Asker: 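Below you will find the structure I want to go over with you.
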Amino acid sequence: QEIQRLVAFMKFPEFPFGLAGPGGCGKSCAFAWLIKRFLVDEYNRFGPKVFAYQKADKFQGIAVPVEHNRTNILWLNWPSVAIVMKHLAARREWDKPDASLLSLIDRLRQQPENTLLFIDDFGMENIKGEKSYVQEQLELLIDVAYGCEVKTFWTTNKTVEELADERVYGYRLMSRMAGLSPDIALPKDMPDLRVSNAYA
């Protein structure tokens with residue numbers, strides 16, 4: 001029923017937004033459904049195209065050629081990306097492409113108008129309370145997305161107020177997130193569908 005609340009955003013991807021709600025309630029699935037709807041619409045409008053898929057252990061993404069342009073759908077499982085960057089930084093392996101977000105940021109700058117950015121589980125990395133290398137990379141990503149007006153979608157298990165706490169991301173970053181894509185706060189009592197399905 002909650003997914004029906006997204007009907008107002010059926011002109012996807014014209015209106016980027018974030019989904020804030022309890023874990024397992026279907027936020028990521030809702031976005032996956034919207035992506036599939038968008039891809040089917042592109043297929044119906046432009047015919048068969050080559051779909052290039054990048055493995056999930058890298059910066060996840062699907063590239064769909066559309067006429068002379070390319071629609072880049074970039075999906076980041078943020079906690080996983082943060083863990084990889086943290087470990088590579090700790091080992092000083094700066095030459096690895098996944099040691100930073102610079103390669104992803106370059107892609108955003110090249111075609112901002114044709115890029116859709118999804119940040120899944122935003123705010124769920126292990127935050128220590130002080131600004132870390134990983135958080136600095138995230139701030140750079142959001143600054144570029146904000147400056148280039150990249151359509152940005154995101155999910156989080158936290159409230160926007162919790163994310164805006166200076167011990168997490170702070171007001172500055174969350175102000176930019178609100179400018180990029182305002183959040184939809186789902187009811188706190190929504191059930192964990194993963195758990196309910198596992199024991200059904």
Side-chain angles (χ1 to χ4, degrees), residues 6 9-19 27-82 84-85 88 94-123 125 133-156 169 172-184:
L6 304 179
F9 298 93
M10 286 289 80
K11 291 184 178 179
F12 175 87
E14 293 179 18
F15 304 103
F17 59 97
L19 283 177
K27 301 181 298 296
S28 302
C29 287
F31 278 148
W33 177 76
L34 288 175
I35 291 173
K36 289 179 181 178
R37 181 185 179 278
F38 172 70
L39 295 180
V40 168
D41 181 61
E42 295 293 271
Y43 181 90
N44 290 336
R45 287 165 56 201
F46 301 107
K49 298 288 181 182
V50 177
F51 289 75
Y53 176 70
Q54 193 167 323
K55 290 185 178 179
D57 59 345
K58 300 293 183 184
F59 292 126
Q60 304 168 13
I62 304 170
V64 187
V66 178
E67 295 295 290
H68 300 294
N69 298 318
R70 176 179 289 270
T71 301
N72 295 308
I73 299 177
L74 304 175
W75 182 287
L76 297 183
N77 181 308
W78 180 243
S80 299
V81 172
V84 171
M85 283 196 298
L88 290 176
W94 307 112
D95 58 323
K96 300 291 180 63
D98 294 346
S100 74
L101 296 178
L102 294 180
S103 60
L104 175 66
I105 288 170
D106 284 343
R107 294 176 68 180
L108 295 184
R109 283 177 169 147
Q110 287 169 9
Q111 292 185 309
E113 68 282 358
N114 296 327
T115 297
L116 306 177
L117 174 63
F118 291 82
I119 306 176
D120 196 29
D121 281 339
F122 186 67
E125 73 275 24
Y133 167 75
V134 169
Q135 284 176 264
E136 289 174 350
Q137 290 290 307
L138 177 62
E139 287 187 4
L140 179 60
L141 172 66
I142 300 304
D143 277 348
V144 171
Y146 182 78
C148 295
E149 299 183 348
V150 174
K151 292 185 177 71
T152 303
F153 301 79
W154 49 281
T155 71
T156 184
Y169 289 149
R172 178 183 179 277
L173 186 142
M174 289 311 299
S175 173
R176 279 164 172 69
M177 287 301 291
L180 272 172
S181 42
D183 73 291
I184 299 174

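The model shown is predicted, which means the values in this text are computed figures rather than measured ones. Hydrogens, waters and symmetry mates play no part in the numbers below; they use all other heavy atoms, side chains included.
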Asker: After noting the C-alpha distance and the side-chain angles of Trp94 and Ser100, does the key distance pass the side chain to side chain contact (heavy atoms under 4.5 Å, CB included) rule?
Answerer: CA-CA 8 Å; Trp94 307 112; Ser100 74; over 6 Å; no
Asker: Say you draw a straight line from OG1 of Thr115 to NZ of Lys151; how long is it, rounded to the nearest 0.5 Å?
Answerer: 9.5 Å
Asker: Is Val81 close to Leu104 at the side-chain level, that is, under 4.5 Å between some pair of heavy atoms?
Answerer: no
Asker: Can you tell me if Trp75 uses its side chain to pair, donor with acceptor, with the backbone of Ala32 under 3.5 Å?
Answerer: no
Asker: First locate atom CD of Glu139, then atom CZ of Arg176, and finally report the distance between them rounded to the nearest 0.5 Å.
Answerer: 9.0 Å
Asker: Rounded to the nearest 0.5 Å, what separates atom CG in Leu116 from atom OG1 in Thr152?
Answerer: 9.0 Å
Asker: Is any side-chain heavy atom of Leu108 closer than 4.5 Å to a side-chain heavy atom of Cys148?
Answerer: no
Asker: Test of understanding: with side chain to side chain contact (heavy atoms under 4.5 Å, CB included), list the residues that count as partners of Pro182, not counting sequence neighbours.
Answerer: none
Asker: Measure across Pro16 and Leu180 and return the closest heavy-atom pair with its distance rounded to 0.1 Å.
Answerer: CG-O, 3.5 Å
Asker: Taking the six-membered ring for Trp, is the centroid-to-centroid distance between Phe153 and Phe122 below 6.0 Å?
Answerer: no
Asker: Evaluate the side chain to side chain contact (heavy atoms under 4.5 Å, CB included) criterion for residues Tyr169 and Leu138: first the C-alpha distance (whole Å), next the side-chain angles of each, then the deciding distance (0.1 Å), finally the verdict.
Answerer: CA-CA 9 Å; Tyr169 289 149; Leu138 177 62; 3.4 Å; yes
Asker: Hey, could you give me the CH2/OG1 distance between Trp78 and Thr156, rounded to the nearest 0.5 Å?
Answerer: 13.0 Å
Asker: Between Asp143 and Arg172, is the side chain to side chain contact (heavy atoms under 4.5 Å, CB included) condition met? List the steps.
Answerer: CA-CA 10 Å; Asp143 277 348; Arg172 178 183 179 277; 3.2 Å; yes
Asker: Rounded to the nearest 0.5 Å, what separates atom SG in Cys29 from atom CG in Leu34?
Answerer: 11.5 Å
Asker: For Ser28, enumerate each residue passing the side-chain hydrogen bond (donor to acceptor under 3.5 Å, both in side chains) test, keeping only those at least two apart in sequence or located in another chain.
Answerer: Asp120
Asker: Rounded at 0.5 Å granularity, tell me how far CD1 in Ile73 sits from CD1 in Ile35.
Answerer: 5.5 Å
Asker: Between Thr155 and Phe118, is there a side-chain heavy-atom distance shorter than 4.5 Å?
Answerer: no
Asker: Is there side-chain contact between Leu76 and Leu141, with at least one heavy-atom pair below 4.5 Å?
Answerer: yes
Asker: Could you list the residues that satisfy side-chain hydrogen bond (donor to acceptor under 3.5 Å, both in side chains) with Arg109, not counting sequence neighbours?
Answerer: none
Asker: What pair of heavy atoms forms the shortest contact from Gln137 to Leu101, and how long is it?
Answerer: OE1-N, 2.8 Å
